[in-house]
Amino acid sequence: MPPEEILLQYWRELAPADRAKVIQFTQALALKSSPEFTPKTQLGQTLWKLRQRAIANGMKLLNEVELEQEIADRRGGYGVW
């Protein structure tokens with residue numbers, strides 16, 4: 001059986017709370033495997049550390065669509081154009 005099918009089989013047996021933990025774990029692994037970003041300024045380094053700490057504490061990062069929706073909501077329904 002291919003590894004994807006094995007993972008899916010285990011996934012289906014998990015409780016919803018455990019599924020959320022698996023998603024967080026895989027996101028953390030994906031971040032570790034991507035090339036490490038190195039900020040060049042002091043401000044960039046500070047912001048990068050805050051971002052990494054937020055991710056480690058389980059904060060969900062927004063994708064492009066979610067970010068645009070968040071901005072629109074904060075602007076009273078007006079989008080980014």
Side-chain angles (χ1 to χ4, degrees):
M1 184 180 310
E4 294 87 356
E5 289 182 25
I6 295 170
L7 286 171
L8 188 56
Q9 181 180 359
Y10 285 124
W11 174 265
R12 289 179 178 141
E13 296 172 3
L14 292 175
D18 291 331
R19 289 181 180 184
K21 291 177 187 177
V22 170
I23 291 171
Q24 287 178 351
F25 177 71
T26 54
Q27 287 172 335
L29 285 177
L31 285 173
K32 287 181 182 179
S33 65
S34 62
E36 186 63 31
F37 172 73
T38 306
K40 308 226 182 324
T41 66
Q42 184 65 38
L43 175 61
Q45 291 171 1
T46 301
L47 293 173
W48 185 253
K49 287 177 186 175
L50 285 170
R51 179 184 188 275
Q52 296 302 91
R53 192 175 342 150
I55 292 169
N57 288 328
M59 179 181 274
K60 179 184 172 285
L61 299 179
L62 301 177
N63 64 32
E64 187 176 350
V65 172
E66 293 168 330
L67 181 59
E68 288 179 2
Q69 183 62 49
E70 176 74 18
I71 293 169
D73 291 344
R74 290 177 183 230
R75 292 182 175 173
Y78 295 100
V80 182
W81 291 291

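Scope of the values below: all heavy atoms of this structure, side chains included, with no hydrogens, waters or symmetry mates.
Residues that satisfy the side chain to side chain donor-acceptor pair (under 3.5 Å) test with R12, not counting sequence neighbours, are absent from this structure. Legend: residues meeting salt bridge (Lys or Arg N to Asp or Glu O under 4.0 Å) with K60, ordered by chain and number and at least two apart, are E66.
Alongside L14, the hydrophobic cluster contains L8, W11, V22, I23 (criterion: ILVMFWY side chains under 4.5 Å).
Atom CG of residue L47 and atom OG1 of residue T41 lie 7.5 Å apart, to the nearest 0.5 angstrom. We find the CD-CD distance between Q69 and E64 to be 13.0 Å, quoted to the nearest 0.5 Å. Distance check: E13 CD to Q9 CD gives 5.5 Å after rounding to the nearest 0.5 Å. Q24 contributes atom CD, which lies 10.0 Å from atom CG of N57 (distance to the nearest 0.5 angstrom).
Side-chain contact between R51 and L61: present, with at least one pair of heavy atoms (C-beta onward) separated by less than 4.5 Å. Within the 4.5 Å cutoff, the side chain of K21 has no heavy atoms near those of the F25 side chain.
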E4 and L7: CA distance, side-chain angles, deciding distance, side-chain contact (heavy atoms from CB on, under 4.5 Å) verdict: CA-CA 5 Å; E4 294 87 356; L7 286 171; 5.8 Å; no
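Using a 4.5 Å cut-off between side-chain heavy atoms of Ile, Leu, Val, Met, Phe, Trp and Tyr, with links allowed through other members, I71 and L62 fall into the same hydrophobic cluster.
Closest heavy-atom contact between P39 and G44: CB-C, 3.4 Å.
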